[in-house]
Asker: 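Dropping the structure in here first, questions after.
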Amino acid sequence: MAQKILLTGGAGFIGSHTYVELAKAGYEVVILDNFSNAQRDVTDRLEVISGQDVTCVEGDVLNAPLLDKLFADHKFDAVIHFAALKAVGESTEKPLDYLTTNISGLYTLLGAMKKAEVFSLVFSSSATVYGQPDQLPVPETAPRSFNNPYGYTKLVCEQSLEQVAASDDRWAFGILRYFNPAGAHDTALIGEDPNDIPNNLMPYIAKVATGELEKLSVFGDDYDTPDGTGVRDYIHVMDLARGHVQSVDALLRTGNSHTVNLGTGTGYSVIDMLRAYEKAAGKDLPHQMAPRRAGDVASVYGDPDLAREVLGFQAERDLDDMCQSSWNWVSRRKNT
Ligand code: UFG
């Protein structure tokens with residue numbers, strides 16, 4: 001019988017792509033999403049891509065009775081927990097929202113899992129837990145810190161999972177530290193679709209390419225990097241999605257926890273990203289140099305070796321694929 005996964009936040013950007021990969025791998029999946037940052041037609045699109053009915057429950061991870069009912073209605077083997085808030089800037093304005101959704105949300109979920117005796121969980125963490133890394137590429141052993149309430153919530157969640165895991169060896173946690181997700185599904189039916197003006201580079205460039213935003217501001221051109229602009233580890237969302245399948249496979253197979261980076265190990269600058277997107281979209285994209293953004297660091301890219309050793313995970317898709325698939329998605333989305 002197929003193993004069954006609860007996917008919280010499964011209608012969101014990374015969650016929806018992970019749904020596709022889980023379905024392809026033969027898992028049965030139930031989505032829980034409150035649609036606070038997801039489009040309602042995502043489930044229809046997932047049905048087209050996966051060729052199967054999508055089970056989606058609308059609701060919040062903070063709703064303990066709803067979680068209890070879900071765990072009573074389904075016999076889950078594992079949970080992949082995406083549902084959380086993720087905008088760094090917003091987290092400094094609304095820290096309580098972030099503390100509640102991200103930390104209390106995890107605690108509520110763990111409580112329901114324990115009651116239902118489901119002990120395997122994949123958790124969406126972030127390279128933000130490295131703060132300002134002084135070693136590149138960053139290994140998982142680098143010291144952890146935080147620069148904003150969002151980063152604080154990811155750090156507290158990681159530490160909480162470590163405490164819980166130490167208390168009872170039935171628990172198995174896959175903590176995945178994402179670098180910078182980019183790209184979209186090859187069908188161009190799902191992708192990143194922020195409701196507001198994006199804070200992140202890739203969705204911002206995408207909206208300049210579609211003409212929804214006038215021009216990109218490049219935040220700082222005087223960093224100690226090859227072209228002076230910030231360098232990051234962009235990873236295709238379909239690679240990230242596959243990483244989740246490999247993580248849940250490993251938890252269910254071994255019962256052992258792991259904490260790994262999901263990145264490529266390669267850094268690209270803001271200008272590299274802009275040029276690659278111009279190539280994909282077949283046009284010049286307006287941009288201007290602007291002052292550094294507060295809190296930014298020059299370079300962050302991850303050491304991918306441990307994910308390869310522990311999960312057999314390796315990113316396969318390149319920068320051109322990230323930009324081309326993103327462009328296919330946003331140009332199609334705008335016209336439908
Ligand atoms: N940038 C611009 N112009 C923009 C937006 C971004 O030049 O309009 C630059 C930034 O200065 C930075 C790079 O593009 O050099 C990437 O910025 P993003 O905001 O896309 O991503 P960050 O690396 O700052 O942050 C992301 C996530 C965080 C996560 C972190 C982990 O947004 O949630 O990666 O490394 F914590």
Side-chain angles (χ1 to χ4, degrees), residues 9 12-14 37 82 84-92 98 102 124-133 135-138 140 142 144-158 175-183 192 194 196-209 212-235 237 240 261-277 285-304 319 322-323 326:
F13 175 40
I14 306 174
N37 190 26
F82 290 105
L85 299 174
K86 62 165 187 175
V88 171
E90 184 187 60
S91 77
T92 61
Y98 276 70
N102 294 9
S124 300
S125 190
S126 164
T128 194
V129 299
Y130 296 123
Q132 305 213 358
Q135 192 183 345
L136 290 175
V138 198
E140 287 80 355
R144 290 180 291 189
S145 64
F146 60 90
N147 293 324
N148 48 63
Y150 163 73
Y152 175 76
T153 66
K154 290 296 170 187
L155 180 53
V156 169
C157 287
E158 283 201 3
I175 296 177
L176 306 182
R177 294 178 179 156
Y178 312 152
F179 283 76
N180 296 58
E192 189 169 19
D196 303 322
I197 295 179
N199 300 302
N200 295 120
L201 180 66
M202 284 303 281
Y204 201 102
I205 293 180
K207 281 192 189 281
V208 173
E212 290 162 86
L213 291 171
E214 193 192 333
K215 60 180 151 186
L216 173 73
S217 292
V218 178
F219 297 143
D221 62 356
D222 56 352
Y223 284 110
D224 183 14
T225 61
D227 64 18
T229 67
V231 166
R232 297 289 183 275
D233 186 342
Y234 297 90
I235 175 166
V237 65
L240 259 190
N261 290 336
L262 289 185
T264 66
T266 305
Y268 289 107
S269 74
V270 176
I271 295 297
D272 290 333
M273 299 309 289
L274 185 72
R275 297 292 173 231
Y277 215 100
L285 299 177
H287 62 281
Q288 63 185 10
M289 293 305 166
R292 292 182 178 194
R293 183 171 67 177
D296 269 356
V297 294
S299 285
V300 186
Y301 49 95
D303 185 335
L319 187 56
M322 293 178 217
C323 294
S326 163

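Counting starts at 1 for both ligands and their atoms, following the listed order. Just so it is clear, the values below take in all heavy atoms, side chains as well, and ignore hydrogens, waters and symmetry mates.
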Asker: Atom 35 (O) of ligand 1: which protein heavy atom is closest, and how many Å away?
Answerer: A127 CB, 3.4 Å
Asker: Please state which option from F219, F179, Y223, Y204 has its nearest heavy atom closest to atom 4 (C) of ligand 1.
Answerer: F219
Asker: What protein heavy atom sits nearest atom 19 (O) of ligand 1, and how far off is it?
Answerer: R293 NH2, 2.8 Å
Asker: Does the side chain of T225 come within less than 4.5 Å of S269's, by heavy atoms?
Answerer: no
Asker: Quick check: closest heavy atoms across T264 and Y234, and the distance to 0.1 Å?
Answerer: CG2-O, 3.4 Å
Asker: Going by the atom numbers of ligand 1, which of them fall below 4.0 Å from some non-hydrogen atom of V218?
Answerer: 7 (O)
Asker: Nearest protein heavy atom to atom 11 (O) of ligand 1, by residue and atom, and its distance?
Answerer: D296 OD2, 2.5 Å
Asker: Hey, is ligand 1 close enough to L201 that some N/O pair sits below 3.5 Å?
Answerer: yes
Asker: Y152 vs F146 aromatic rings, parallel, tilted or perpendicular, using cut-offs 30° and 60°?
Answerer: perpendicular
Asker: Does even one non-hydrogen atom of L216 get within less than 4.0 Å of ligand 1?
Answerer: yes
Asker: Side chains of Y277 and L216, heavy atoms from C-beta outward: is any pair under 4.5 Å?
Answerer: no
Asker: Is it the case that the side chain of N199 and the backbone of V88 share a donor-acceptor pair, with hydrogens and angles ignored and the cut-off at 3.5 Å?
Answerer: no
Asker: Could you tell me whether some N/O pair between N200 and ligand 1 is separated by less than 3.5 angstrom?
Answerer: yes
Asker: Among protein heavy atoms, which lies nearest atom 12 (C) of ligand 1, and at what distance?
Answerer: R232 NH2, 3.8 Å
Asker: Kindly identify the option in S126, G295, A87 whose heavy atom sits closest to atom 29 (C) of ligand 1.
Answerer: S126
Asker: Considering non-hydrogen atoms only, spot the tightest contact between Y98 and T153 and give its length.
Answerer: O-CG2, 3.5 Å
Asker: List every atom of ligand 1 that sits less than 4.0 Å from any heavy atom of T128, numbering the atoms from 1 in the order shown and giving each element.
Answerer: 31 (C), 36 (F)
Asker: Decide whether the shortest distance between a heavy atom of Y130 and an atom of ligand 1 is less than 4.0 Å.
Answerer: no
Asker: Considering only protein heavy atoms, which is closest to atom 34 (O) of ligand 1, and at what distance to one decimal place?
Answerer: N180 ND2, 3.6 Å
Asker: Check each atom of ligand 1 against the heavy atoms of Y234 and keep those under 4.0 Å away; list them by number with element.
Answerer: 13 (C), 16 (C)
Asker: Using only atom types and a distance under 3.5 Å, with no angle test, would you say the side chain of N261 pairs donor to acceptor with the backbone of F179?
Answerer: no
Asker: How long is the span from the CG atom in L240 to the CZ atom in F13, to the nearest 0.5 Å?
Answerer: 8.0 Å
Asker: In terms of residue, atom name and distance, what is the protein heavy atom nearest to atom 3 (N) of ligand 1?
Answerer: S217 O, 2.8 Å
Asker: Using a strict 4.0 Å cut-off to heavy atoms of N199, name the atoms of ligand 1 that fall inside it.
Answerer: 5 (C), 19 (O)
Asker: At what distance is the nearest protein heavy atom to atom 9 (C) of ligand 1, and which residue and atom is it?
Answerer: V270 CG2, 3.6 Å
Asker: Once salt bridge (Lys or Arg N to Asp or Glu O under 4.0 Å) is applied, do any residues pair with E90, and if so which ones, sequence neighbours excluded?
Answerer: K94
Asker: Just to confirm my output: which protein heavy-atom neighbour is closest to atom 33 (O) of ligand 1, and how far is it?
Answerer: Y150 CE2, 3.3 Å
Asker: Atom CZ in R144, atom CG in L155: separation rounded to 0.5 Å?
Answerer: 5.5 Å
Asker: Might you point out which heavy atoms bring D233 and G263 nearest each other, and give the distance in Å?
Answerer: OD2-CA, 3.6 Å
